[in-house]
Amino acid sequence: MSIVSTIQQSVTESLSALFSQKFTEKDFQVSETKPEFEGDYTIVMFSLVKLLKLSPDSIGNRLGEKLVADHPDFITGFNIIKGFLNVSIADNYWISLLSKNHGDENYGRRSPNGQKVMVEYSSPNTNKPLHLGHLRNNFLGWSVAEIYKANGFEVIKSCIVNDRGIHICKSMLAWKKYANGATPESTGIKGDHFVGDYYVRFEDDLKAESQVLINKIKLADLSDFSGAELLKLEKLLVDLTKLDEIKDEEKINKLHGEIRELSRACTSVIAEAKQMLLDWEDGKPEVIELWKKMNSWVYAGFDVTYKKIGSDFDRIYYESDTYLLGKNIVHQGLEKGVFFKKDDGSTWIDLTAEGLDEKIVQRRDGTSVYITQDIGLALQKYEQYKIDQSIYVIGNEQIYHMKVLKLICEKLGMPNAGNIFHLSYGMVELTTGKMKSREGTVVDADELVDEMVATSKQLTEELGKVKDFNEDDLKGLYDTLGLGAMKFYLLRVDPKKTMVFNPAESIDFHGFTGPFVQYTYARIKSILRKIADAEPVPDQDIKINSPLFKLEKDVIINLEQYPAALEEACIEHNPSIIANYIFNLAKSFNSLYTEHSVANAESEEKKQLRIQLAGMTANVIKSSMALLGIRVPERM
RNA sequence: GGACCGGUAGCUCAGUUGGAUAGAGCAUCAGCCUUCUAAGCUGAGGGUCAUUGGUUCGAAUCCAAUCCGGUUCACCA
């Protein structure tokens, strides 16, 4: 039981005894005492004042005396300031917490609860390499999975690979046109980047061709358009002339954007891509063969990146397998009356009662739309794994989509549909604004990882502390530090917030960073190694005669909070709670480290105490950093 | 226009079941390495918590309105 709930319970009992009425822990608040006051925990009197119609001081005095009398081994003193009852906790309470848990590498973790949860994350497209945004997604997903495991859940990490569709055809087309049979092997380019380059090539062609069309439109030449597109275009142009008179810049821009989109859609290269997609769906052998070949290049590239950043999956779904899954669902939905058919034959769901719109679930030609596949996959996940919860790590631009998905699953009566959770995270922006692939400002994942590792190498060499390391050790250390810095940097921010990626800040290894925590760990291990070398210490209970120093107590208080932080991170689906927690723990230990020596403590008892303190801090740092996917070095 | 998310120090971020004088890192300035690793520690300056009103013993936190920024509302995925 945590110390706060222990205090709550004691206070509840004492209050009930004092005032002969029933109290619950909701009748008052317990929090840590602010550093400028004496005491460890504070009980706020004001809510009790209302209940008891007595002055804060009177309640505080009686409660404080009662608490000390009832729990002399736990609460040793109190003071009251302006309605705040500050109580002091016995040193022995902290010391026993330490002796009990200091050697437990699983401290804070919970035993299995029998619940199964699937975390879907990463979900890449097979037409380009991973970028900074994917890194945030991967680190978040992986970390949330670990946090769930630590809270007793059985976790299945999954990934849906978007390996089909018109965007995939784009890179295939460009490769056919320009590659002359080149391969990643023949060029020495990593497979995902190799394919991505052709995707860019296609986009360049598309841009050039649509620009020609736009130029023609400007000269009132609409000969390249026909049918529905022509009508739409003419309407847009009429609207545009009207707006030109009003001078509404926003609307004019919007219209220009629509014209741009329309001309893109009417290019010959898009027509080719569409044709290729049809051929793919028909199973045309040469298309399928090329598709398989190019995807295999991408997967080879992804494997390298995933391995490097430590992402892994228990189950990988491919959209090429799942994109037809929703078909049966439409039937069922119609039978259950959840869906309805419109006159043109398309199938819909009415979500207006939920404050949303009508959403289409099947086109009039009978083909599935995006959401239908997702429903199919959601059901398949449940059927295959009987999961209790399903977590989707997807960017916040899909909040609406995921809301619809969850609602539909609930209406279809899918088991545990209520436990679908969209872990939506904010975009990663640059100091110069958003990343835009068309402007080439996208930060490539592989490049970034390499830079971080190179930075850690450079800084390590400058400090020159590990000159005796062999080459493998060094390489391992650079990876540990570089990736640690990057993961910590991306995970320390609340997932749901848009965050700014500042390159200069990201390679800073001081302050609120991964390497700061890693350094604390390495120093502790160094101390413990030296002590153990000198004289192996037996594990023992500690009795000390001198009081705990504030700095010692601060560290123990931090350690006591680990289980609570772990639980909160799980409930909130939020690794940044862990990151903030570890940083505070490391900081408190560093302060202690500077002020009080472990090896040369003033007494043998204090030495034993600090050995346990250091050991437990190291354990908690190691296991909590592991929840973020960050390794800690024994030396650095 | 509707819906959702955000606005806290120069910058990046904590802090929301309402609590004491709003915190941390970076940056700036001033100190600390013959003593367990200075990737560290100690201290200083820096704030109308977007604005206005309300709720109450008490509001960054709850409510309302307004302003600013973002996302979204496709027979695209």
Side-chain angles (χ1 to χ4, degrees), chain A residues 26 29 31 33-34 36-37 42 44-47 49-50 56 81-84 86 125 162 164-168 261 265 319 323 342 344-348 355-357 359-365 367-371 373-374 395-401 403-404 424 426-427 429 431 434 456 459-460 462-463 465-466 481 485 489 492-494 496-502 504-506 508-520 522-531 576-577 579-580 583-584 586-587 589-601 610 614 635-636:
Chain A
K26 285 181 182 159
Q29 280 176 10
S31 57
T33 301
K34 299 228 163 194
E36 56 268 33
F37 299 100
T42 297
V44 185
M45 297 283 98
F46 293 106
S47 47
V49 170
K50 268 189 189 161
I81 300 167
K82 293 199 292 184
F84 295 89
N86 303 317
N125 290 330
N162 185 222
R164 66 166 286 280
I166 191 135
H167 52 299
I168 308 297
E261 285 303 316
E319 211 177 282
Y323 83 109
K342 287 199 175 175
D344 65 4
S346 55
T347 308
W348 296 70
L356 306 177
D357 309 307
K359 297 293 294 183
I360 189 159
V361 293
Q362 189 174 65
R363 298 187 187 100
R364 60 173 164 244
D365 63 8
T367 56
S368 296
V369 292
Y370 180 45
I371 192 121
Q373 307 171 29
D374 280 356
N396 59 11
E397 73 274 11
Q398 301 220 34
I399 288 177
Y400 182 85
H401 173 79
K403 209 183 218 174
V404 171
S424 90
M427 299 290 103
E429 293 182 359
T431 43
K434 292 186 184 180
S456 69
L459 293 176
T460 303
E462 279 170 14
L463 290 168
K465 293 179 181 180
V466 288
L481 296 177
Y489 185 82
R492 71 185 199 184
V493 181
D494 186 339
K496 69 168 180 284
K497 286 199 170 178
T498 303
M499 67 173 289
V500 175
F501 180 84
N502 182 331
E505 203 177 77
S506 71
D508 188 357
F509 284 13
H510 305 271
F512 188 18
T513 67
F516 172 95
V517 178
Q518 290 169 322
Y519 180 65
T520 306
R523 280 208 306 201
I524 293 175
K525 294 309 266 192
S526 171
I527 296 171
L528 296 179
R529 268 194 307 272
K530 284 186 178 165
I531 291 174
S576 80
I577 290 169
N580 278 284
F583 176 60
N584 285 323
K587 222 172 18 161
F589 188 87
N590 284 339
S591 297
L592 172 67
Y593 175 94
T594 314
E595 198 66 28
H596 304 291
S597 175
V598 178
N600 301 309
R610 288 186 197 141
R635 287 181 56 196
M636 66 185 274

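Keep in mind that this is a model prediction, so the values were computed, not measured.
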Indicate, with a heavy-atom threshold strictly under 4.0 Å, whether [X] touches base, sugar-phosphate, or nothing.
X         : value
Thr460(A) : base
Ser591(A) : sugar-phosphate
Arg635(A) : base
Asn125(A) : nothing
Leu481(A) : base
Asp365(A) : nothing
Val44(A)  : base
Asn590(A) : sugar-phosphate
Glu319(A) : sugar-phosphate
Tyr400(A) : sugar-phosphate
Met636(A) : base

Side chain of [X], heavy atoms from C-beta onward: which of [options] has the nearest atom to it?
X         : options                   : result
Lys496(A) : rG25(B), rU37(B), rG6(B)  : rG6(B)
Arg363(A) : rA20(B), rC76(B), rC26(B) : rC76(B)
Lys82(A)  : rU21(B), rU12(B), rC36(B) : rU21(B)
Ile399(A) : rA77(B), rC36(B), rC4(B)  : rC4(B)
Ser526(A) : rA20(B), rU8(B), rU37(B)  : rU37(B)
Ala522(A) : rU37(B), rC75(B), rC57(B) : rU37(B)
Thr33(A)  : rC36(B), rG25(B), rA20(B) : rA20(B)
Phe583(A) : rG19(B), rA24(B), rU35(B) : rA24(B)
Lys587(A) : rA24(B), rA20(B), rC75(B) : rA24(B)
Arg523(A) : rC73(B), rU37(B), rG19(B) : rU37(B)

(message) Using only modelled atom types and a 3.5 angstrom limit, is any donor from either the side chain of Thr594(A) or the base of rA38(B) paired with an acceptor on the other?
(response) no

(message) Does Asn86(A) contact rA20(B) through a side-chain donor or acceptor facing the base, at a distance under 3.5 Å?
(response) yes

Tell me whether [X] is stacked on the nucleobase of [N], counting only the six-membered base ring and applying the 5.5 Å and 30° thresholds.
X         : N       : result
Phe84(A)  : rA20(B) : yes
Tyr519(A) : rG40(B) : no
Tyr593(A) : rC36(B) : yes

(request) Let me know which of Ile524(A), Ile527(A), Val598(A) forms a side chain to side chain contact (heavy atoms under 4.5 Å, CB included) with Tyr593(A). (result) Ile527(A)

Between [N] and [M], how far apart are the two [atom1] atoms, rounded to whole Å?
N       : M       : atom1 : answer
rC75(B) : rU66(B) : P     : 31 Å
rG47(B) : rG6(B)  : P     : 26 Å
rG54(B) : rA14(B) : C1'   : 28 Å
rG15(B) : rU56(B) : P     : 28 Å

(request) Assign rC33(B) to syn or anti; the rule is syn for a glycosidic angle within 90° of 0 and anti otherwise. (result) syn

(message) Would you compute the distance between atom CZ of Phe512(A) and atom NZ of Lys587(A) and round it to the nearest 0.5 angstrom?
(response) 9.0 Å

(message) To the nearest 0.5 Å, what is the distance between NZ on Lys403(A) and OG on Ser424(A)?
(response) 11.0 Å

(request) Can you tell me the pairing partner of rC26(B) across any strand shown, Watson-Crick or G-U wobble, with both distances under 3.5 angstrom? (result) rG10(B)

(request) Determine which nucleotide pairs with rG1(B), using a 3.5 Å limit on both distances of a Watson-Crick or G-U wobble pair. (result) rC73(B)

(request) With RNA chain B as reference, determine whether Gln398(A) or Phe516(A) sits nearer its 5' end, using the nearest nucleotide of each. (result) Phe516(A)

(message) Heavy-atom nearest nucleotide on RNA chain B for Val500(A) versus Thr513(A): which residue maps closer to 5'?
(response) Val500(A)

Value in whole Å for how far the [atom2] atom of [N] lies from [atom1] of [X]:
X         : N       : atom1 : atom2 : answer
Asp357(A) : rC73(B) : CG    : P     : 10 Å
Leu459(A) : rG40(B) : CG    : C1'   : 15 Å
Phe509(A) : rG25(B) : CZ    : P     : 19 Å
Lys403(A) : rA3(B)  : NZ    : C1'   : 6 Å
His401(A) : rC76(B) : NE2   : P     : 14 Å
His510(A) : rC13(B) : NE2   : P     : 20 Å
Asn580(A) : rA24(B) : CG    : C1'   : 9 Å
Lys34(A)  : rA20(B) : NZ    : P     : 4 Å

(message) Does rA14(B) have OP1 or OP2 under 4.0 Å away from a side-chain N or O of Lys497(A)?
(response) yes

(message) On a heavy-atom basis, which atom in Phe46(A) and which in Lys82(A) lie closest, and how many Å separate them?
(response) CZ-O, 3.5 Å

(message) Could you report the tightest heavy-atom contact between Val361(A) and Trp348(A), atom names first, then the distance?
(response) CG2-N, 4.1 Å

(request) Would you check if Tyr489(A) and Asp508(A) make a side-chain contact, meaning some heavy-atom pair closer than 4.5 Å? (result) no

(message) Under 6.0 Å from the ring centre and within 45 degrees of the ring axis: does the NZ or CZ of Arg492(A) meet both conditions for the six-membered ring of Phe583(A)?
(response) no

(request) Decide side chain to side chain donor-acceptor pair (under 3.5 Å) for Thr42(A) and Thr33(A); before the verdict, give the C-alpha distance in whole Å, the side-chain angles of both, and the deciding distance to 0.1 Å. (result) CA-CA 5 Å; Thr42(A) 297; Thr33(A) 301; 2.7 Å; yes

